[in-house]
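What follows is one structure encoded as structure tokens, with my remarks underneath.
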Amino acid sequence: MAIELKLRNASIFSLLFFLSFILGSSSTATQHDLRITYAERRVENKGTSPSSEVIFAFPPAQIDHIALLKAAVPVGKKKRKTYKSLDVSPKLPDGPNETKYFSATLLSPLKAGETVTLEVLYILTQSLEPFPIEISQSESQLVYYRDSAIILSPYHIDQQTTFIRTASTRVESFTHVEPTNRAGLEVKYGPYADQPPHSFSPIIVHFENNNPFVVVEELVREVEISHWGSIQVREQYTLAHAGARLKGAFSRVDYQSKPSVSGVASFKQLLATLPPRVNSVYYRDEIGNISTSRLRLNLKKSELEIEPRYPLFGGWRATFVIGYRLPLEDFLYESNDGKQRYLNFTFGCPMAETVVNKLTIKVALPEGSKNSTVSAPFTVEQHLETTYSYLDVLGRTVVVLEKKNVVPEHNSPFQTFMSSAVFSSNFDFAILSWSSFS
């Protein structure tokens, strides 16, 4: 089994596991019938009866930080490699020491003596702890990363290795679990042989990391479908720097005159990836319009580069609104049977490399829409509301989707279905209503 963990940014970990299982011989197939023959893990700052499932174990300290967990079977090699996804779900009861289990259902039962290779991706958010928790404007940021040198697993592991790749060569300290070696950016734990199930060896790595700790505490996205051939989008952000808090006063003179050493752990720019053909873009806060933004357009995407009114240091917050308009024809489709139309829009946050603590998406459907349904590639909380817009009489149905702990991997399309007939009838009604007011 090989496991690769990649550090995506200061507050997001992506962990990719390559698992090789062999099923031993016993009267019944249980979690103890499987044995991991080899395991390698990387952390980087970028029975006789068949077994039908594989169990993954997580310590209680990581459970609340798991934003995404996927498992797949790789098919082919190198450039021709493809993946067949597996269903992953929580599994009860819990293990010893409050260990939490997840189960991946195999495509076909694993027979005695057979092996299978799985790739398991899980993402941990906000898993780096600033220490010290306060720093001055001229100091670099140091963080703790906590894990186990030995992979927590309900299976016996014949051999394993853990690699932790730090953000810089400045490593203040790290836990030694022999054999342990460090070279450049990498700390190597292992190899360790013949580890019994549920082995655990806590480690702490203390290193420098000045990457932006960008956390969107709350994002509310309002998507309004217009009969006039457009989609109005309004996104309201409450954003914070979740790194070490600023100690002392802020000096703008030092910040501007010594950019390489003053405020190295702060950030002052954000990049939002918007759909192509975006227009009527605005960026403002409570004071009014913010002029420090640049919009780049091309055929595949639009990039909006923004600067808050002030640079953000640890513990600082900023609130602002981004709005834009999109052509309806790029996102509205008709179902194969012609009875429904659906809006195909992207879930998630358009800001690059950010964690969203709470994301709310409100899709306002045309007036008269009934029996609205949503199809999303992951679990989301949803309910319906009613709102009134210009010329509305009965009010519009609003589909509300909510999800916590959102990461860039959640930027996947979701579909909102509605009656196909509502578009033609309501469009005519809107024209008549407009004429009566003229």
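Since this is a predicted model, take the numbers as computed values, not measurements. Basis for what follows: all heavy atoms, side chains included, without hydrogens, waters or symmetry-related copies.
Judged by distance alone, the side chains of N344 and Y342 never bring a donor and an acceptor atom under 3.5 Å apart. Residues S251 and Q137 have side chains that never bring a donor and an acceptor to within less than 3.5 angstrom of each other.
Looking only at distances, a side-chain donor or acceptor of T292 sits under 3.5 Å from a matching main-chain atom of E307. The backbone N or O of S226 lies less than 3.5 Å from no partner atom in the side chain of S230, so there is not a single donor-acceptor pair. T166 contributes a side-chain N or O that, together with a main-chain N or O of L185, makes up a donor-acceptor pair within less than 3.5 Å. In terms of modelled atom types and a separation under 3.5 Å, the side chain of Q160 and the main chain of I151 share a donor-acceptor contact. With hydrogens and angles ignored, the 3.5 Å screen pairs a side-chain donor or acceptor of S335 with a backbone N or O of Q340. Panel note: side chain T175, backbone I204; a donor-acceptor pair is recorded below 3.5 Å.
Side-chain contact between R221 and P350 is present, with heavy atoms from C-beta onward closer than 4.5 Å. K188 places none of its side-chain heavy atoms less than 4.5 Å from the side chain of T162. Using a 4.5 Å heavy-atom cutoff, the side chains of P275 and K301 are not in contact. With a 4.5 Å cut-off on side-chain heavy atoms, Y324 and S280 do not count as touching. Counting only heavy atoms from C-beta outward, the side chains of F102 and I55 never approach each other to under 4.5 Å. Looking at V88 and K70, their side chains never come closer than 4.5 Å, going by heavy atoms from C-beta outward. Between K258 and V264 the shortest side-chain heavy-atom distance does not fall below 4.5 Å. Here the side chains of I203 and V187 are not in contact, with every heavy-atom distance at 4.5 Å or above.
Electrostatic pairing of R294 and E305 counts as a salt bridge here, judged by a charged N lying under 4.0 Å from a carboxylate O. Under the 4.0 Å criterion applied to side-chain N and carboxylate O atoms, E134 and R245 are assigned as salt-bridge partners. Between E217 and R317 there is a salt bridge, since at least one side-chain N of the basic residue sits less than 4.0 Å from a carboxylate O of the acidic one. Taking a cutoff of 4.0 Å between a charged side-chain nitrogen and a carboxylate oxygen, R170 and E172 qualify as a salt bridge. A salt bridge links E329 with R277: at least one charged nitrogen is closer than 4.0 Å to a carboxylate oxygen. K403 and E381 are not joined by a salt bridge, as no carboxylate oxygen comes within less than 4.0 angstrom of a charged side-chain nitrogen. Electrostatic pairing of E224 and K362 does not count as a salt bridge here, judged by no charged N lying under 4.0 Å from a carboxylate O.
The CG atom of L295 sits 7.0 Å away from atom CG of L274, with the distance rounded to the nearest 0.5 Å. Taken to the nearest 0.5 Å, the CG atom of L270 stands 8.0 Å off from the CG atom of L312. To the nearest 0.5 Å, atoms CD (E139) and CG (L246) are separated by 10.0 Å. Taking CG of L271 as the reference point, atom CD of E353 lies at 10.5 Å (rounded to 0.5 Å). A distance of 7.5 Å separates CD1 in I66 from OH in Y122, rounded to the nearest 0.5 Å. Here Y283 contributes atom OH and S293 contributes atom OG; the two are 7.5 Å apart, rounded to the nearest 0.5 Å.
In terms of heavy atoms, H410 sits closest to N405 at CE1-O, 3.7 Å. Heavy atoms only, all atoms of each residue included: L297 and S302 are closest at CD2-OG, 3.3 Å. For P276 against K300, the heavy-atom pair with the smallest separation is CD-O, 3.5 Å. Between A104 and L86, the closest heavy-atom pair is CB-CD1, 4.3 Å. Across all non-hydrogen atoms, the minimal contact from T354 to C349 is OG1-SG, 3.7 Å. In plain terms, the two heavy atoms of P59 and L152 that are nearest each other are N-CD2, 3.4 Å.
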### Task
For side-chain hydrogen bond (donor to acceptor under 3.5 Å, both in side chains), just list the numbers for E303 and T273, CA-CA rounded to whole Å, side-chain angles, deciding distance to a tenth of an Å, and then say yes or no.
CA-CA 5 Å; E303 293 184 334; T273 301; 4.9 Å; no
### Task
Walk me through it: do L68 and F378 pass the test side chain to side chain contact (heavy atoms under 4.5 Å, CB included)?
CA-CA 9 Å; L68 189 71; F378 35 76; 5.6 Å; no
### Message
Does Q141 form a side-chain hydrogen bond (donor to acceptor under 3.5 Å, both in side chains) with N211? I'd like the steps, not just the answer.
### Response
CA-CA 9 Å; Q141 180 173 256; N211 291 331; over 6 Å; no
### Query
For R309 and D285, what are the C-alpha separation, side-chain angles and deciding distance, and is it a side chain to side chain contact (heavy atoms under 4.5 Å, CB included)?
CA-CA 9 Å; R309 290 189 182 274; D285 59 9; 2.6 Å; yes
### Query
What's the verdict on side chain to side chain contact (heavy atoms under 4.5 Å, CB included) for V355 and Q126, showing C-alpha distance, side-chain angles and the deciding distance?
CA-CA 8 Å; V355 177; Q126 303 183 32; 3.9 Å; yes
### Chi angles and distances behind the side chain to side chain contact (heavy atoms under 4.5 Å, CB included) call for I225, L328
CA-CA 8 Å; I225 303 176; L328 181 60; 3.8 Å; yes
### Message
Please determine whether side-chain hydrogen bond (donor to acceptor under 3.5 Å, both in side chains) holds for the pair T238 and E218, giving the CA-CA distance in whole Å, both sets of side-chain angles, and the decisive distance to 0.1 Å.
### Response
CA-CA 5 Å; T238 302; E218 185 173 11; 5.1 Å; no
### Message
Apply ring pair (Phe, Tyr, Trp, His ring centres under 6.0 Å) to residues F56 and Y101 and explain how you reach the verdict.
### Response
CA-CA 6 Å; F56 310 113; Y101 289 143; over 10 Å; no
### Task
Determine, step by step, whether S168 and E208 satisfy the side-chain hydrogen bond (donor to acceptor under 3.5 Å, both in side chains) criterion, reporting the C-alpha distance in whole Å, the side-chain angles of both residues, the deciding distance to 0.1 Å, and the verdict.
CA-CA 6 Å; S168 69; E208 180 185 54; 3.3 Å; yes
### Task
For salt bridge (charged side-chain N to carboxylate O under 4.0 Å, His left out), just list the numbers for E119 and K84, CA-CA rounded to whole Å, side-chain angles, deciding distance to a tenth of an Å, and then say yes or no.
CA-CA 10 Å; E119 292 192 12; K84 294 184 178 179; over 6 Å; no
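Within 6.0 Å of CG on D87 lie no more than 12 heavy atoms contributed by other residues, nucleotides or ligands. Atom CG of N298 has more than 12 neighbouring heavy atoms from other residues, nucleotides or ligands inside a 6.0 Å radius. The environment of L384 atom CG is dense: over 12 non-hydrogen atoms of other residues, nucleotides or ligands sit within 6.0 angstrom.
The only member of Y237, Y282, Y310 that meets ring pair (Phe, Tyr, Trp, His ring centres under 6.0 Å) when paired with F320 is Y237.
In this structure, F267 has its ring center at least 6.0 angstrom away from the ring center of W316. In this structure, the ring of F174 has its center no less than 6.0 angstrom from the ring center of F207. Residues F163 and Y189 place their aromatic rings such that the two centres sit no closer than 6.0 Å.
Taking the six-membered ring for Trp and thresholds of 30 and 60 degrees, Y144 and F131 have nearly parallel ring planes, at less than 30 degrees apart. Ring pair F345/F331 is tilted by interplanar angle, where 30° to 60° counts as tilted.
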